[in-house]
Amino acid sequence: MDINLYTPAYHISRKHIVKLTDYSTEEIFELLFAIKSMKAKFIAHESTASILKGTTIALIFGDTSIRTRSAIEIGINQLGGYSINLPYSEGDMEAGENIKDIADVLYGYGVGAIITRGISEKDLMSYCAISKIPIINSSNADEIPLQTLCDLFTIWEKCGCLEDVKLAYVGKGENNAASLISGAIKCGMQVSVATPPQYPIKQEKIRQAMQYGPIHITTDPHEAVANADIVYTDCYSYHTPVSEEDRKCLAPYQINTDLMREANRGAFFMHALPANRGLEVTESVIDGPHSIVLDQAYNKLHVVKAVLVMLVK
């Protein structure tokens, strides 16, 4: 389905967003058009402060964040809302906290939505099952739906389309990769993945994504990147140092000038940040003329606002 031939209704019936595997192509398109609209308002300096005026959004984060938290809090402010930060830990839950009680109490306080980070899919689904207000997963160990929406929008913006654009993902097959291939294949993109044998994308995630189209899976980064329009990699380690064993394992998957030459002329480079320059990508690539990493980062603000506008009634 060609997104440029799609007529948006600016409406989705889903109440929560935990993973994009739950969303249809049409629902993803609705969100992408909403992002486009919010960005246009931002560029035109059009005020959006009345949209969530007086609405409180609760942030329940189980791990640290810089860019995502900034985008969320600034986005809420630009929509006229307020945010409250509620630290989350497994220890709290084991000590007697109850998910149902948390969600019910926040609803009673007039909270308009709950945005989470670092909370397991099992706990999130427990939230969704009983919550009267939207639950938005910004990131967990399984998927990063907001980042994927940001990436898809950025690709659409830069390439002018999504259908038949070739995306090559190279590196560790963790949550970002799983989310990305699911969203990309649903939008009609060609997808190629090169991961080390030690770090494949979970087979369950591959099977779910391949219901919507073929995905080329290999361990050879040169094979994956050949004729790609987009070359994408991710941070090899966020909270812990990279071991020497991992450095050796992942060295052939570094995105460098030689590997980028395998892609189409003018191919874009993408990375969700934070980036380890000299490890998963060289400075010449991430800081080069074909890098759209900052565009991704900037667009996250508009993604947050669009998701809140579409889900918070």
Side-chain angles (χ1 to χ4, degrees), residues 62-68 117-118 120 139-144 147-148 151 166-185 190-210 215-264 267-294 296-297:
D63 63 17
T64 58
S65 168
I66 297 176
R67 280 159 298 277
T68 299
R117 180 181 173 93
S120 72
S139 172
N140 66 10
D142 293 296
E143 293 199 30
I144 312 182
Q147 181 64 52
T148 297
D151 296 337
K166 182 177 178 181
L167 167 71
Y169 180 89
V170 177
K172 293 175 78 171
E174 297 185 334
N175 53 357
N176 198 13
S179 240
L180 182 64
I181 64 166
S182 175
I185 206 72
Q190 298 177 38
V191 179
S192 184
V193 175
T195 56
Q198 299 94 322
Y199 293 105
I201 299 175
K202 292 178 182 178
Q203 280 301 309
E204 176 192 0
K205 301 295 185 181
I206 294 289
R207 284 194 298 270
Q208 288 174 341
M210 290 184 73
I215 298 174
H216 181 68
I217 307 291
T218 181
T219 57
D220 183 350
H222 295 274
E223 182 182 332
V225 168
N227 302 314
D229 301 299
I230 304 289
V231 179
Y232 196 120
T233 194
D234 199 12
C235 182
Y236 286 168
S237 180
Y238 186 21
H239 294 295
T240 57
V242 181
S243 68
E244 280 305 312
E245 183 179 353
D246 274 356
R247 286 179 183 273
K248 292 177 183 177
C249 158
L250 294 163
Y253 297 86
Q254 183 190 73
I255 309 298
N256 51 40
T257 303
D258 288 340
L259 187 59
M260 287 296 293
R261 288 197 186 103
E262 305 278 353
N264 284 336
F268 294 114
F269 171 74
M270 300 182 75
H271 192 303
L273 299 181
N276 296 301
R277 288 165 172 78
L279 187 57
E280 72 264 14
V281 61
T282 60
E283 287 187 16
S284 61
V285 172
I286 193 169
D287 298 321
H290 299 294
S291 172
I292 54 174
V293 168
L294 289 179
Q296 290 172 265

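- What you find for Ala228 and Ala267 is that their closest heavy atoms are O-CB, 3.5 Å.
- Summarising the geometry, atom CD belonging to Glu280 is positioned 10.0 Å from atom CZ belonging to Arg247; distances are rounded to the nearest 0.5 Å.
- Contact between Pro196 and Gly171 at its shortest, heavy atoms only, is CD-O, 3.3 Å.
- Of the N and O atoms on the side chains of Tyr236 and Asp246, not one donor lies less than 3.5 Å from an acceptor on the other residue.
- To the nearest 0.5 angstrom, Leu250 atom CG is 7.0 Å from Leu279 atom CG.
- With a 4.5 Å cut-off on side-chain heavy atoms, Thr148 and Ser182 do not count as touching.
- At a threshold of 4.5 Å between non-hydrogen side-chain atoms, the residues Tyr253 and Thr233 do not count as touching.
- Looking at every heavy atom in both residues, Ile201 comes nearest to Ala177 through CD1-CB, 3.8 Å.
- Contact between Glu223 and Thr218 at its shortest, heavy atoms only, is OE1-OG1, 3.2 Å.
- A salt bridge does not link Lys172 to Asp234: none of the charged nitrogens lies less than 4.0 Å from a carboxylate oxygen.
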Might you work through the side chain to side chain donor-acceptor pair (under 3.5 Å) test for Tyr232 and Asn176, ending with a clear yes or no? CA-CA 10 Å; Tyr232 196 120; Asn176 198 13; 3.1 Å; yes

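- Residues that satisfy the side chain to side chain contact (heavy atoms under 4.5 Å, CB included) test with Thr282, not counting sequence neighbours, are Gln254, Asn256, Ser284, Val285.
- Rounding to the nearest 0.5 angstrom, the gap separating the CD atom in Gln208 from the NZ atom in Lys202 is 10.5 Å.
- Judged by distance alone, with hydrogens and angles left aside, the side-chain atoms of Asn140 form no donor-acceptor pair with the main-chain N or O of Ser120 at under 3.5 Å.
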Going through the checks in order, is the side chain to side chain contact (heavy atoms under 4.5 Å, CB included) test met by Arg277 and Asp287? CA-CA 9 Å; Arg277 288 165 172 78; Asp287 298 321; 2.9 Å; yes

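- Rounded to the nearest 0.5 Å, atoms OH (Tyr199) and OG1 (Thr219) are 15.5 Å apart.
- At a threshold of 4.0 Å, the pair Lys205-Glu143 counts as salt-bridged, since one of the basic side-chain nitrogens sits closer than that to a carboxylate oxygen.
- Contact record, Ala194 with Ala224: CB-CB, 3.6 Å, taken as the closest heavy-atom pair.
- Taking CG of Asp220 as the reference point, atom CD of Glu262 lies at 8.5 Å (rounded to 0.5 Å).
- Gln147 has its side chain within reach of Gln296: a pair of non-hydrogen atoms, C-beta onward, lies under 4.5 Å apart.
- The minimum heavy-atom distance between Lys166 and Ser192, with the atom names listed, is CE-CB, 3.8 Å.
- A donor-acceptor pair under 3.5 Å is absent between the side-chain atoms of Asn227 and the main chain of Ala263, judged by distance alone.
- In this structure, Ile181 CD1 and Leu167 CG are separated by 9.5 Å, a value rounded to the nearest 0.5 Å.
- We find that Glu204 and Arg207 are not joined by a salt bridge, their nearest charged nitrogen and carboxylate oxygen being 4.0 Å or further apart.
- No side-chain heavy atom of Val191 sits less than 4.5 Å from a side-chain heavy atom of Tyr169.
- At least one side-chain heavy atom of Asp63 sits under 4.5 Å from a side-chain heavy atom of Arg117.
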